[in-house]
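First the proteins, then the strands, lettered A, B, ... as listed; each starts at 1.
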Protein chains: 2
Amino acid sequence: MDPVLVYSPYASDCPSRQLLDRIGDRWTVLIIGSLEEGPLRFSELRRRVEGISQKMLTQTLRSLETDGLVTRTVFAEIPPRVQYELSPLGRSLLEPLGALTRWATEHMDEVRAARGTLAS
Amino acid sequence: MDPVLVYSPYASDCPSRQLLDRIGDRWTVLIIGSLEEGPLRFSELRRRVEGISQKMLTQTLRSLETDGLVTRTVFAEIPPRVQYELSPLGRSLLEPLGALTRWATEHMDEVRAARGTLAS
DNA sequence: CAGCATCCTGGATGATACTG
DNA sequence: CAGTATCATCCAGGATGCTG
């Protein structure tokens with residue numbers, strides 16, 4: 001058996017810690033979520049994820065690709081069309097991430113209240 | 001009714017986007033998780049979350065406090081003792097965050113395989 | 001023990017210009 | 001359209017030293 005059976009993000013040298021970092025990444029959550037309902041092309045993603053720069057979109061997509069969460073398909077057309085789609089592994093991330101965004105939206109008011117930034 | 005009924009993290013100017021940023025934060029996940037089984041003092045937290053600097057621990061705890069996720073109790077003793085505990089709101093975050101860390105550990109091997117970093 | 005203040009650096013991110 | 005390349009910036013985060 002492999003000596004490393006258990007991953008613990010609390011250990012600084014555990015790979016799962018890096019993975020958690022990547023997931024927690026500002027853009028990853030939003031990109032994965034955008035792809036939930038089906039494949040999208042580059043420009044469509046850019047529009048969905050407001051405020052992301054072209055560079056960060058490319059970069060994050062590349063990471064997601066190497067991690068096996070997203071597949072990238074290039075169509076030999078003019079003008080070029082590139083399609084991004086969640087892999088099965090990527091799909092499996094939808095549930096935990098969805099739970100997170102749901103929490104964020106559902107409890108936003110409580111947090112704002114705690115901050116004192118909840119306008120009357 | 002409030003004009004802002006729905007929060008969407010996909011909108012760059014939505015407060016829930018910031019909240020998601022904070023939650024996804026590298027240390028927040030680990031700190032909240034550490035407090036799951038009960039209150040801890042500063043030094044205990046420092047030991048649990050491997051690799052965190054004193055500065056980041058303090059800073060993150062302060063943020064969690066202002067956001068109403070964690071309570072901070074100072075005991076008037078010598079030497080000083082400070083206790084951190086999850087608030088009910090913070091507790092409600094345990095489930096979604098737990099799902100996330102669980103995903104990270106459960107699918108680590110698949111990601112490593114995709115990366116090609118899975119040693120034979 | 002639990003912190004605050006200060007300095008400092010790398011890497012994350014953005015802006016801009018160019019291309020197959 | 002979907003990038004790449006380059007430069008510029010900013011700040012998260014570490015290191016260190018001091019304190020109630």
Side-chain angles (χ1 to χ4, degrees), chain A residues 9-13 17-32 34-35 38-67 70-86, chain B residues 9-13 17-32 34-35 38-67 70-86:
Chain A
Y10 294 93
S12 53
D13 57 347
R17 173 98 146 225
Q18 298 169 25
L19 184 53
L20 213 53
D21 283 0
R22 171 160 307 301
I23 296 173
D25 164 292
R26 173 157 41 159
W27 303 118
T28 298
V29 188
L30 300 173
I31 292 179
I32 299 270
S34 298
L35 293 172
L40 290 178
R41 49 194 305 180
F42 190 85
S43 49
E44 290 170 329
L45 271 172
R46 195 146 152 56
R47 253 173 281 122
R48 296 233 185 174
V49 184
E50 272 185 42
I52 193 172
S53 68
Q54 177 271 335
K55 176 183 174 182
M56 287 318 295
L57 182 54
T58 304
Q59 199 170 298
T60 309
L61 283 170
R62 291 285 180 280
S63 301
L64 292 175
E65 202 189 350
T66 35
D67 283 354
V70 160
T71 61
R72 177 174 181 270
T73 313
V74 182
F75 294 90
E77 306 171 356
I78 305 275
R81 184 160 60 99
V82 180
Q83 193 177 68
Y84 293 92
E85 186 170 15
L86 288 179
Chain B
Y10 293 93
S12 53
D13 57 348
R17 173 98 146 228
Q18 299 169 23
L19 184 53
L20 212 53
D21 283 0
R22 172 160 308 301
I23 296 173
D25 165 291
R26 172 159 35 158
W27 303 118
T28 298
V29 188
L30 301 174
I31 292 179
I32 298 272
S34 297
L35 293 173
L40 289 179
R41 48 194 304 179
F42 190 85
S43 50
E44 290 169 330
L45 271 172
R46 196 145 152 55
R47 253 173 281 121
R48 296 234 185 174
V49 184
E50 271 185 43
I52 193 171
S53 66
Q54 175 270 327
K55 177 182 172 181
M56 287 318 294
L57 182 53
T58 305
Q59 197 170 297
T60 309
L61 283 171
R62 291 287 178 278
S63 301
L64 292 175
E65 202 189 349
T66 34
D67 283 354
V70 161
T71 61
R72 178 175 182 270
T73 313
V74 183
F75 294 90
E77 305 171 358
I78 304 275
R81 184 161 61 98
V82 180
Q83 193 178 68
Y84 294 92
E85 186 170 15
L86 289 178

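- Between B/Arg72 and the phosphate of C/dG3, there is a side-chain N or O to OP1/OP2 separation shorter than 4.0 Å.
- Here the side chain of B/Thr28 pairs a donor or acceptor atom with the backbone of B/Arg22 at under 3.5 angstrom.
- A/Arg46 comes within 4.0 angstrom of no nucleic acid atom, judged by non-hydrogen atoms across all strands.
- When rounded to the nearest whole Å, the span between CD of A/Gln59 and C1' of C/dA12 equals 8 Å.
- One finds no side-chain N or O of A/Arg26 lying less than 4.0 angstrom from the OP1 or OP2 phosphate oxygen of D/dC11.
- No contact: B/Phe75 has no heavy atom under 4.0 Å from any strand.
- Considering only side-chain N and O atoms, A/Tyr84 lies under 4.0 angstrom from the phosphate OP1 or OP2 of D/dG3.
- A/Met56 has its CE atom 18 Å from the P atom of D/dT6, to the nearest Å.
- Nucleotide C/dA2 holds its C1' atom 13 Å from the CZ atom of B/Arg81, rounded to whole Å.
- In this structure, A/Lys55 atom NZ and C/dA17 atom P are separated by 16 Å, rounded to whole Å.
- Taking atom CG of B/Leu57 as the reference point, atom C1' of D/dA12 lies 15 Å away to the nearest angstrom.
- Picking from C/dA2, D/dG13, C/dC1 the nucleotide with the shortest atom distance to the side chain of B/Phe42 gives C/dA2.
- Contact annotation: A/Ser43 reaches the phosphate of D/dA2 (side-chain N/O to OP1 or OP2, under 4.0 Å).
- B/Thr66 places a side-chain N or O within 3.5 Å of a backbone atom of B/Arg62 that can act as its donor or acceptor partner.
- Straight-line distance from the CD atom of B/Glu77 to the C1' atom of C/dA2: 13 Å, rounded to whole Å.
- The nearest whole Å value for the distance from the CZ atom in B/Arg47 to the P atom in C/dC1 is 8 Å.
- Note that CG of A/Asp25 is 6.5 Å distant from CE of A/Met56, once rounded to the nearest 0.5 Å.
- Each of A/Asp25 and B/Pro80 was assigned the nucleotide of DNA chain C with the nearest heavy atom; the assignment lying further toward the 5' end belongs to B/Pro80.
- In summary, the side chains of A/Gln83 and A/Thr73 do not present any donor paired with an acceptor at a separation below 3.5 Å, with no hydrogens or angles considered.
- Between A/Arg41 and D/dA2, a side-chain N or O to OP1/OP2 separation shorter than 4.0 Å is present.
- Side-chain contact, B/Gln54 with B/Thr58: a donor N or O sits under 3.5 Å from an acceptor N or O.
- Across the protein-nucleic acid pair, A/Leu61 atom CG and D/dC1 atom C1' stand 14 Å apart, rounded to whole Å.
- Contact annotation: side chain of B/Gln54 to base of C/dC4, donor-acceptor pair present below 3.5 Å.
- For the pair A/Ser53 and C/dT13, the criterion of a side-chain N or O lying under 4.0 Å from OP1 or OP2 is not met.
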